[in-house]
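For reference, the structure is listed below as C-alpha cells.
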Amino acid sequence: MSPEPFDGAAVRVPGQPFPLEEEWQWEYDYYDHTYHSSLLHQTYQHGSVLLGSDRPGEYWTLVVTGPQRGRVWWLRDGCAAPYVDRPSDQPGGDFLHWVRDWHVGQGWWRAE
C-alpha cells in the first residue's frame, strides 16, 4: 500500500462494500499477512469517500456501501475506528453528527 492511500495513485472502488463493522487495530494483527494486506487495502479503497484529514496519516471517510453506510470512520496508521459523538456513545457516528462536531471544533478527537 502507498504511504499515502488517498494520494490519487490507488484505484478507489466506492461501489464495493466497506469491509469493516467494528474497530480494527491491524498493528496488533500478526497472524495472517495475506488476509491482513487484502483487508487493509479494502479498508482504504472500498465503499467510502474521503471527507478530509486532520493530520498526516489520519483520514475521515464516509462509508457509502455495505452495513456501515452513512457512518463516518477514522482511518489512521495502525487502526480504523467508527466515529462516535462521545466515547460512551454506541453506535452513533453518522455523517450529520460528525459534520456538526467538525464544524464547531468539538468531538472526542479534540479532547487532548
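Just so you know, these numbers use all the heavy atoms, side chains as well, and skip hydrogens, waters and symmetry mates.
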Can you name the residues that form a side-chain contact (heavy atoms from CB on, under 4.5 Å) with [X], not counting sequence neighbours?
| X | value |
| --- | --- |
| Gln16 | Val13, His46 |
| Arg76 | Glu58, Trp74, Cys79 |
| Pro17 | none |

Flag side-chain contact, heavy atom, 4.5 Å: [X] against [Y]:
| X | Y | answer |
| --- | --- | --- |
| Leu39 | Trp26 | no |
| Trp60 | Trp73 | no |
| Thr61 | Leu51 | no |
| Arg12 | Ser48 | yes |

Exercise for review: Report the residue from Asp94, Val99, Val49, Leu50 that forms a side chain to side chain contact (heavy atoms under 4.5 Å, CB included) with Leu62.
Suggested key: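 Single pass found, and it is Val49.
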Exercise for review: Might you point out which heavy atoms bring Tyr44 and Asp77 nearest each other, and give the distance in Å?
Suggested key: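 The answer is OH-N, 4.5 Å.
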Point to revise | Residue pair Ala80 / Thr43: nearest heavy atoms and the distance that separates them | key: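 Where Ala80 meets Thr43 most closely, the heavy atoms are CB-CG2, 4.1 Å.
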Point to revise | salt bridge (Lys or Arg N to Asp or Glu O under 4.0 Å) involving Glu23 - partner list, sequence neighbours excluded | key: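 Applying salt bridge (Lys or Arg N to Asp or Glu O under 4.0 Å) to Glu23 gives none.
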Exercise for review: Apply side chain to side chain donor-acceptor pair (under 3.5 Å) to Glu21 and list each qualifying residue two or more places apart in sequence or on a separate chain.
Suggested key: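 Not a single residue meets the side chain to side chain donor-acceptor pair (under 3.5 Å) criterion with Glu21.
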Review point. In Å and rounded to the nearest 0.5 Å, what is the CZ to CZ distance from Arg71 to Phe18?
Key: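 Rounded to the nearest 0.5 Å, the CZ-CZ separation comes to 10.0 Å.
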